[in-house]
Engineer: 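Below is a structure I'd like to ask you about.
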Amino acid sequence: MRQADLPGELGCQFTTEDGEVLLIAMGNVASSEPARGVVKVAGYVEPVSAPGGFDGITDSPTFNGKGKTVRIQVTGEPTEGGESPPRPATLTYDRADGAQRAWPGEWRCGP
């Protein structure tokens, strides 16, 4: 996951409650280009993107990729202080065949 060569100035990541990183995304601030990312589910790392650059992924974004939709739903206020505090969130992975899975965790965005 961390070896993905993603373009962008700033990024976000979703981490499960047990510390596993499931999604990393990068984008440029004030950009009309999509943010690019990778999602890891069932041992596979696959590309995804979301509209609006970095600004479009900071608060409850939806990512799309081949045969999948990945939604991040921020569920609460930041749990720490600082420039890039984590916020409680849920990652929901929807496959084109109708299968769905969700993980609780945290969403952190920034430098």
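These figures come from a predicted structure and were not determined experimentally.
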Engineer: Going by heavy atoms in the side chains, are Glu83 and Pro111 under 4.5 Å from each other?
Structural biologist: yes
Engineer: Can you find a pair of side-chain heavy atoms, one from Cys109 and one from Ser84, that are under 4.5 Å apart?
Structural biologist: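 Heavy-atom side-chain distance check fails, nothing below 4.5 Å.
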Engineer: Tell me if a side-chain donor or acceptor on Thr75 pairs with a main-chain N or O of Pro88 at a distance below 3.5 Å.
Structural biologist: yes
Engineer: Does a sphere of radius 6.0 Å around CD in Glu80 hold more than 12 heavy atoms from other residues, nucleotides or ligands, not counting ones at 6.0 Å or beyond?
Structural biologist: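 Yes, because the 6.0 Å sphere around CD of Glu80 holds more than 12 heavy atoms from other groups.
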Engineer: Where is the tightest heavy-atom contact between Pro61 and Gly56, given as atom of each residue plus distance?
Structural biologist: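 Distance-wise, the nearest heavy atoms are CB-O, 3.6 Å.
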Engineer: Using side-chain heavy atoms (C-beta onward) and a distance below 4.5 Å, is Pro7 in contact with Arg36?
Structural biologist: yes
Engineer: To the nearest 0.5 Å, what is the distance between CG on Asp55 and OG on Ser31?
Structural biologist: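 Reported value, rounded in 0.5 Å steps: 8.5 Å.
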Engineer: Which value, rounded to the nearest 0.5 Å, describes the distance between Thr92 atom OG1 and Arg71 atom CZ?
Structural biologist: 4.5 Å
Engineer: Looking at every non-hydrogen atom in both residues, tell me the closest pair between Gly81 and Pro85 and how far apart they are.
Structural biologist: O-CB, 3.8 Å
Engineer: Please enumerate all residues that pass salt bridge (Lys or Arg N to Asp or Glu O under 4.0 Å) together with Asp59, with sequence neighbours excluded.
Structural biologist: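 Applying salt bridge (Lys or Arg N to Asp or Glu O under 4.0 Å) to Asp59 gives Arg87.
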Engineer: Quick one: name the residues clustered hydrophobically with Val48, using the 4.5 Å side-chain heavy-atom rule over I, L, V, M, F, W, Y, and just say none if it's on its own.
Structural biologist: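 Its cluster mates, by chain and number, are Leu10, Phe14, Leu22, Leu23, Val29, Val39, Val41, Phe54, Ile57, Phe63, Val70, Ile72, Val74, Leu91, Tyr93, Trp103, Trp107.
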Engineer: Tell me if a side-chain donor or acceptor on Thr16 pairs with a main-chain N or O of Glu20 at a distance below 3.5 Å.
Structural biologist: yes
Engineer: Whether Asp94 and Lys68 form a salt bridge (side-chain N of Lys/Arg under 4.0 Å from carboxylate O of Asp/Glu) is what I want to check.
Structural biologist: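 No.
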Engineer: Return the minimal non-hydrogen interatomic distance between Asn28 and Gly8, and the atom names on each side.
Structural biologist: OD1-CA, 3.3 Å
Engineer: Taking the side chain as every heavy atom from C-beta outward, state whether Met26 and Gln13 have any pair of such atoms under 4.5 Å apart.
Structural biologist: no
Engineer: Hey, could you give me the CD/OG1 distance between Glu106 and Thr90, rounded to the nearest 0.5 Å?
Structural biologist: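 Between atom CD of Glu106 and atom OG1 of Thr90 there are 12.0 Å.
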Engineer: Decide yes or no for Arg95 and Gln100: does some side-chain heavy atom of the first lie under 4.5 Å from some side-chain heavy atom of the second?
Structural biologist: no
